[in-house]
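Each ligand, and each atom within it, is numbered from 1 in the order the structure gives.
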Amino acid sequence: MNAVRIGAAGGLDGLERVDLPDPGAPGPGDIRVRIHASSLNYHDYGVVRSGDPKFRGRIPMSDGAGVVEAVGEGVTEFAAGDAVVSCFFPLWLDGPATTGDFATVPGDGVDGYAREIVVRPATWFTRAPQRYSHAQAATLTTAGLTAWRALVADGGLKAGDSVLTLGTGGVSIFALQIAKAMGATVIATSSSEAKLEKAKALGADHTINYKAEPNWGEAVRRWTGGRGVDHVVEVGGPGTLPQSITAVRNGGHISLIGVLTGRGGEVPTAAMMVKQVRLQGLVVGSRRQQQDFVRGLEATGIEPVIDRSFGLDALAEAFRHEESGAHFGKICVEF
Ligand SMILES: NC(=O)c1ccc[n+]([C@@H]2O[C@H](COP(=O)([O-])OP(=O)(O)OC[C@H]3O[C@@H](n4cnc5c(N)ncnc54)[C@H](OP(=O)(O)O)[C@@H]3O)[C@@H](O)[C@H]2O)c1
């Protein structure tokens with residue numbers, strides 16, 4: 001079977017196409033899945049690009065969607081022919097977070113889904129939404145579930161709430177779609193006027209160009225009549241958090257998700273305290289949250305926004321497209 005591995009040198013040019021043995025029939029509790037699609041995340045990009053020797057030979061990509069080909073003894077949840085999508089934390093089934101690292105994450109601590117066939121425990125997957133293509137389903141594992149958890153599972157989003165999204169990458173566009181589908185008001189930011197137009201077409205109620213308006217936190221406050229937003233989906237990190245703290249309402253919720261501007265920095269802690277802001281770090285979500293999300297997607301009819309799809313052979317090219325920042329929403333590979 002075809003697969004892609006991270007080569008000795010690391011980096012996008014070090015990605016190697018390999019032919020691996022077929023994993024065979026599923027054992028008890030396992031399913032055999034023919035993977036048809038994956039989607040790119042900033043996290044996958046970091047793993048592939050890092051050059052860290054621990055990733056040598058690793059099959060990258062945390063997201064995987066495809067069709068069950070066979071089920072092992074004792075598996076009742078799935079049957080051959082079912083469309084499924086992988087879980088980011090395959091051992092975190094339900095309840096509070098059980099993990100504080102990436103040791104069990106496919107495409108990081110263990111092999112991921114840049115390959116055609118896997119045999120894995122049935123609980124490493126959930127069913128995919130009905131009507132979804134495999135590429136659409138593959139966008140749920142990381143980006144989609146993160147946005148759902150930030151706003152719904154942990155954020156308690158309700159109709160009438162206001163949501164601020166930063167930039168127009170995978171997580172932010174899912175957050176925009178989820179918020180609109182659930183009756184919230186959305187303020188979307190981007191560095192690109194053309195992307196802001198696309199965000200409006202998806203339902204964004206107000207848009208701000210964060211390059212043209214460096215004090216976008218104040219601009220958000222003004223637009224909300226001085227109140228601030230209920231939820232911020234914070235994908236930027238230290239470079240954007242101070243503005244997000246300005247933008248959020250007293251007692252509002254900031255989901256600290258991303259590292260686009262770096263991994264550490266100064267935080268205006270006094271402003272957070274005075275505003276009684278709830279700042280929550282979070283990493284993706286549990287299998288149960290993914291199951292809830294799948295039902296939510298079916299009920300709302302949300303369709304993931306796929307900017308472009310590449311073949312598995314063109315994985316490096318797909319990452320270069322992500323690196324360029326030209327994309328809006330998700331980038332996929334289909335095979
Ligand atoms: N904690 C978690 O569970 C989790 C899960 C998924 C992702 N993440 C993290 O969340 C971040 C976004 O991930 P992604 O997969 O959505 O990335 P992505 O699809 O590559 O999105 C990148 C987009 O972010 C925007 N951006 C870049 N710098 C920005 C800035 N200074 N301010 C505002 N927006 C900025 C740009 O949008 P414009 O072109 O519109 O300006 C860019 O196109 C990454 O740091 C990733 O590691 C975390």
Quiz item: Does a side-chain N-to-carboxylate-O contact under 4.0 Å join Arg32 and Asp22?
Solution: yes
Quiz item: For Gly237, does its backbone N or O pair with a side-chain atom of Glu234 as donor and acceptor, under 3.5 Å?
Solution: yes
Exercise. Could you grab the distance from atom CD of Glu322 to atom CG of Asn41, nearest 0.5 Å is fine?
Key: 7.0 Å
Self-check item: Protein contact to atom 10 (O) of ligand 1 [nearest heavy atom, distance to 0.1 Å]
Solution: Gly258 CA, 3.5 Å
Practice problem: Kindly state if atom 35 (C) of ligand 1 has a protein heavy atom within a strict 4.0 Å cut-off, that is, under 4.0 Å? | Solution: yes
Quiz item: Does Asp313 pair with Arg17 as a salt bridge, N-O distance under 4.0 Å?
Solution: yes
Quiz item: Any side-chain donor-acceptor pair under 3.5 Å between Glu334 and His134?
Solution: no
Practice problem: Within a distance under 4.0 Å of any heavy atom of Glu322, pick out the atoms of ligand 1 and give their elements. | Solution: 20 (O)
Self-check item: Arg320 with Asp13: basic N within carboxylate O range, under 4.0 Å
Solution: yes
Exercise. Tell me which part of Lys330 gets within contact of ligand 1: side chain, backbone, both or neither, using heavy atoms under 4.0 Å.
Key: neither
Practice problem: Find all atoms of ligand 1 within a distance of less than 4.0 Å from any non-hydrogen atom belonging to Ser191, and give their numbers and elements. | Solution: 38 (P), 39 (O), 40 (O), 41 (O)
Quiz item: Does Asp111 pair with Arg58 as a salt bridge, N-O distance under 4.0 Å?
Solution: yes
Practice problem: Go through the side-chain N and O atoms of Thr141 and Ser86 and say whether any donor and acceptor fall under 3.5 Å apart. | Solution: yes
Exercise. Of the side chain and backbone of Thr146, name the one, both, or neither that has a heavy atom under 4.0 Å from an atom of ligand 1.
Key: side chain
Quiz item: In ligand 1, which numbered atoms sit nearer than 4.0 Å to a non-hydrogen atom of Ile257?
Solution: 1 (N), 2 (C), 4 (C), 8 (N), 9 (C), 10 (O), 48 (C)
Quiz item: Which residue holds the protein heavy atom closest to atom 42 (C) of ligand 1, what is that atom called, and what is the gap in Å?
Solution: Gly169 N, 4.7 Å
Quiz item: Do the side-chain N and O atoms of Thr139 and Lys330 include a donor-acceptor pair separated by under 3.5 angstrom?
Solution: no
Practice problem: Pick whichever of Val259, Ile173, Ile331, Leu40 has a heavy atom sitting closest to atom 45 (O) of ligand 1. | Solution: Val259
Exercise. Run down the list Phe319, Phe88, Tyr210 and name the one with the heavy atom closest to atom 28 (N) of ligand 1.
Key: Tyr210
Practice problem: Look at atom 1 (N) of ligand 1 and say which protein heavy atom is nearest, naming residue and atom and giving the distance to 0.1 Å. | Solution: Leu282 O, 2.8 Å
Quiz item: Considering only the protein, which heavy-atom contact is closest to atom 15 (O) of ligand 1, and what is its distance?
Solution: Tyr42 N, 3.5 Å
Exercise. Examine the proximity of ligand 1 to Leu260 and report which part, side chain or backbone, both or neither, has a heavy atom under 4.0 Å away.
Key: both
Quiz item: What residue and heavy atom of the protein are closest to atom 7 (C) of ligand 1, and at what distance?
Solution: Val171 CG2, 3.5 Å
Self-check item: Side chains of Asp63 and Ser39, donor plus acceptor under 3.5 Å
Solution: yes
Practice problem: Name the closest protein heavy atom to atom 31 (N) of ligand 1, giving the residue it belongs to and the distance to 0.1 Å. | Solution: Thr261 CG2, 3.4 Å
Quiz item: So, are Arg249 and Asp230 salt-bridged, with charged N and O less than 4.0 Å apart?
Solution: yes
Self-check item: Heavy-atom nearest neighbour of atom 25 (C) of ligand 1 within options Gly285, Gly167, Ser39
Solution: Gly167
Exercise. Work out whether the distance between some heavy atom of His327 and some atom of ligand 1 is less than 4.0 Å.
Key: yes
Self-check item: Per-residue contact class, Val283 against ligand 1 - non-hydrogen pairs under 4.0 Å
Solution: both
Quiz item: What residue and heavy atom of the protein are closest to atom 37 (O) of ligand 1, and at what distance?
Solution: Thr168 N, 3.2 Å
Quiz item: Is the closest side-chain donor-acceptor distance between Glu116 and Asn2 under 3.5 Å?
Solution: yes
